[in-house]
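Since the structure comes first, as structure tokens, the remarks are kept for the end.
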Amino acid sequence: RKEVEQDPGPFNVPEGATVAFNCTYSNSASQSFFWYRQDCRKEPKLLMSVYSSGNEDGRFTAQLNRASQYISLLIRDSKLSDSATYLCVVSAPLSGNTPLVFGKGTRLSVIA
Amino acid sequence: DVKVTQSSRYLVKRTGEKVFLECVQDMDHENMFWYRQDPGLGLRLIYFSYDVKMKEKGDIPEGYSVSREKKERFSLILESASTNQTSMYLCASSLPSTVNTEAFFGQGTRLTVV
């Protein structure tokens, strides 16, 4: 089983739609969770961290379910500018220093 | 503004050449990482370093080595470039691992080995 798994998409949604991405991770000892956004031919950038209690940032909501080892990202009222690849990222414990483990990403296209 | 800078955006090298990819960060971060990104395979960790002169192998270290002589600089070395090392290479840095520590990425180096 891969460490971090995501549906690669693409998700093609109209402007204004609500879209949800899911991600599962295999290492139950993982401590930190993130969603990164990567635009075409650009570097990944942090979109938001994911906290145990769930967190919201404007139109974006992230949830963590430790029991099911599952992370989600919900985007409400999609904009054209939300078109990008969304990477689920997990910190995998390794001798006290924990490089980030990336999912392969889910591609989103928001269509006018 | 935080910054991770990679020395080249695009690079073309011949098979068998020794290739150096340089990465510099100005945030005084302890951790630095080298990833490669390929279509359908996502980001894969090559090497990382959590201190000067320290290095740890990632998932795909074969054919690569690294050097961290100064805190701000982390170099990736392809000892003898091969065509299967054609890829996008991304450097990143972060503070020591604590809960929810963000990694900052450089703009990437697209390497083509011919």
Do [X] and [Y] sit in one hydrophobic cluster, given that two such residues count as connected whenever their side-chain heavy atoms are within less than 4.5 Å of each other, even indirectly?
X: B:Val4; Y: B:Val66; value: no
X: B:Phe74; Y: B:Leu45; value: no
X: B:Val19; Y: B:Val12; value: no
X: B:Leu90; Y: B:Val113; value: no
X: A:Leu74; Y: A:Phe60; value: no

For this session: Test B:Phe105 against A:Phe102 for ring pair (Phe, Tyr, Trp, His ring centres under 6.0 Å), laying out the working first.
Result: CA-CA 13 Å; B:Phe105 282 84; A:Phe102 286 78; 5.7 Å; yes
Exercise. Under a 4.5 Å cut-off applied to non-hydrogen side-chain atoms, are B:Ser94 and A:Leu100 in contact?
Worked result: no
Exercise. What distance separates A:Leu87 CG from B:Gln37 CD, expressed to the nearest 0.5 Å?
Worked result: 7.0 Å
Problem set entry | CE-NZ distance between B:Met88 and A:Lys42, expressed to the nearest 0.5 angstrom | 10.5 Å
Exercise. If every non-hydrogen atom of B:Gln107 is compared with every non-hydrogen atom of A:Glu43, which pair is closest and at what distance?
Worked result: CA-OE1, 3.7 Å
For this session: Search all heavy atoms of B:Leu43 against all heavy atoms of A:Gln38 and return the closest pair with its distance.
Result: CD1-OE1, 4.5 Å
Exercise. Heavy-atom count around A:Lys45 NZ within 6.0 Å, excluding the residue itself: above 12?
Worked result: no
Problem set entry | Heavy-atom contact with chain A under 4.5 Å, split by part of B:Arg44 | neither
Seminar exercise, completed: Checked B:Gly108, B:Gly106, B:Gly58 vs chain A; the most non-hydrogen pairs under 4.5 Å come from B:Gly106
For this session: Examine whether an atom of A:Pro44 lies under 4.5 Å from a heavy atom of chain B, and if so say whether it belongs to the side chain, the backbone or both; otherwise answer neither.
Result: both
